[in-house]
Amino acid sequence: MMVLIELFAANLTIFFHTCVHFSKNFCIFATSTLQKTIIIYYIMNGTLIIVCIVFLIGIGLVFYKYSHRKSLHDNVEQLRKVIALTFEEAEKPVISQNRLIKGLKQHLGINEKMALKLIGKARHENLIEVEATDLKKLGKIQYKKTF
């Protein structure tokens, strides 16, 4: 790895040397090849540190999103409160699946796929059930609250 860095630095030394001669706005005046190589090595180290920091921030965001989704799926009490709030806003004892999805998306800040997973979790925990009386007439799935 160190050999690759040194080869890369040696190749950049030529480019750096031409930049020093052709640019008056360039503030680094290196007199020897060793000084130019050291300066390029420090620049590469700074870039590597910045890339590593950006990478770690990205990994942190992915982990946060995963843990947030996992906590939503495991927290039945929060799901119960959001479903109750959605039914209160609709002011009806029975609401359509689309209305329930919109309510979950609005209150939890999730996408439609996660909302459907949470509806399945709510059905599994007996928080809601399918209203079968209007299923054949309307052709839409409707849910009613069971708690």
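Numbers here are sequence positions counted from 1. Please read all numbers here as calculations on a predicted model, not as lab measurements.
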Chemist: Does anything in residues 78-87 form a salt bridge (Lys or Arg N to Asp or Glu O under 4.0 Å)? List the pairs, not counting sequence neighbours.
Modeler: Glu77-Arg80

Chemist: Give the minimum heavy-atom separation between Lys105 and Ala115, together with the two atoms involved.
Modeler: CG-CB, 4.3 Å

Chemist: List the atom pairs, with distances to 0.1 Å, where a side-chain N or O of residues 88-102 and a protein N or O form a donor-acceptor pair under 3.5 Å, not counting sequence neighbours.
Modeler:
residue, atom, partner, partner atom, Å
Glu89, OE1, His107, NE2, 3.4
Glu89, OE2, His107, NE2, 3.2
Ser96, OG, Arg99, N, 3.3

Chemist: Which residues, ordered by chain and number, are linked to Leu48 in its hydrophobic cluster, where ILVMFWY side chains connect at heavy-atom gaps below 4.5 Å, directly or through other members?
Modeler: none

Chemist: Indicate if Leu127 and Val130 have the same hydrophobic cluster label, given that clusters are the connected sets of ILVMFWY residues with side-chain heavy-atom separations under 4.5 angstrom.
Modeler: yes

Chemist: Can you run down the salt bridge (Lys or Arg N to Asp or Glu O under 4.0 Å) pairs that involve residues 115-130, sequence neighbours left out, and say none if there aren't any?
Modeler: Lys121-Glu125, Glu129-Lys144

Chemist: May I ask whether Met114 and Leu85 are part of the same hydrophobic cluster, defined by side-chain heavy atoms of I, L, V, M, F, W, Y residues being less than 4.5 angstrom apart, directly or through others?
Modeler: no

Chemist: Set out, in order, the CA-CA distance, both residues' side-chain angles and the distance that settles side-chain contact (heavy atoms from CB on, under 4.5 Å) for Leu118 and Ile83, then state yes or no.
Modeler: CA-CA 10 Å; Leu118 289 177; Ile83 289 174; over 6 Å; no

Chemist: Run the numbers on Gln106 and Thr86 for side-chain contact (heavy atoms from CB on, under 4.5 Å), then give the verdict.
Modeler: CA-CA 10 Å; Gln106 179 184 6; Thr86 304; over 6 Å; no

Chemist: Show every donor-acceptor pair shorter than 3.5 Å between a side-chain atom in residues 62-69 and any protein atom, with sequence neighbours excluded, or say none if there are none.
Modeler:
residue, atom, partner, partner atom, Å
Ser67, OG, Phe63, O, 3.2
Ser67, OG, Tyr64, O, 3.0

Chemist: Could you grab the distance from atom NE2 of His124 to atom CG of Asn126, nearest 0.5 Å is fine?
Modeler: 8.5 Å

Chemist: Considering residues at least two apart in sequence or located in another chain, which fulfil the side chain to side chain contact (heavy atoms under 4.5 Å, CB included) criterion with Leu61?
Modeler: Ile57

Chemist: Report the distance from atom CG of Leu79 to atom CD1 of Ile128, rounding to the nearest 0.5 Å.
Modeler: 8.0 Å

